[in-house]
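The next block holds one structure in the form of structure tokens; read it before the comments.
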Amino acid sequence: MKHLLLAASLGLAPVALQAEEAETRLHVTGLTCPSCSYIVASTLKRVDTVEISEFTEGEAEDGIYVLRYDDAVTDPDALIAAVTGVGYGASLASGSGS
């Protein structure tokens, strides 16, 4: 608080940290029915700042989720933990940005 008051008294505006948007491709296994994809998507959307930009269904009860998020808030390990926490397999897909 003292730093904000000092900055204000010097005529300086507080500087907001810039968030970095990251993108990760997550390979999810165990998608045996349409409700499985719904459960995984709902779980991922509950992680702060996560947006699903794309989902591609695989041929072997799997799929690729392309996720965007603020890397100052979450990371790929947290995304994997969220999916495995509801009973599905998850790993970084090849070509993943993070």
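Positions are given from 1, in the same order as the sequence printed here.
- Note on Arg68 versus Glu51: no salt bridge recorded, every NZ/NE/NH1/NH2 to OD/OE distance being 4.0 Å or above.
- Here the side chains of Leu79 and Val50 are in contact, with some heavy-atom distance below 4.5 Å.
- Across every non-hydrogen atom of Phe55 and Gly63, the tightest pair is CE1-CA, 3.9 Å.
- Between the CG atom of Leu31 and the CD atom of Glu57 there is a distance of 8.0 Å, given to the nearest 0.5 Å.
- Atom OG1 of Thr84 is separated from atom CG of Asp77 by 10.0 Å, given to the nearest 0.5 angstrom.
- Applying the side chain to side chain contact (heavy atoms under 4.5 Å, CB included) criterion to Thr49, with sequence neighbours excluded, gives Tyr69, Asp70, Val73, Thr74.
- Contact of the His27 side chain with the Leu92 side chain is not registered, since no non-hydrogen atoms from C-beta on lie closer than 4.5 Å.
- Residue Ser91 comes nearest to Ile80 through the heavy atom pair CA-CD1, 4.1 Å, listed as atom of the first residue, atom of the second, then distance.
- The distance from the OG1 atom of Thr56 to the CG atom of Asp62 is 10.5 Å, given to the nearest 0.5 Å.
- Cys36 approaches Gly30 most closely through the heavy-atom pair SG-O, 3.9 Å.
- One distance of note links OG1 of Thr43 with OH of Tyr88; it measures 8.0 Å at 0.5 Å rounding.
- A continuous path of hydrophobic side-chain contacts links Leu26 to Ile39 [ILVMFWY only; heavy atoms under 4.5 Å].
- Side-chain heavy atoms closer than 4.5 Å link hydrophobic residues (I, L, V, M, F, W, Y) into clusters, and following such links, possibly through other members, connects Val47 to Val40.
- Hydrophobic clustering of Ile, Leu, Val, Met, Phe, Trp and Tyr side chains at less than 4.5 Å, counting indirect connections, keeps Val86 apart from Tyr38.
- Here the CD1 atom belonging to Ile52 is positioned 10.0 Å from the OG atom belonging to Ser37, to the nearest 0.5 angstrom.
- The structure places CG of Asp71 at 12.5 Å from CD of Glu23, a figure rounded to the nearest 0.5 Å.
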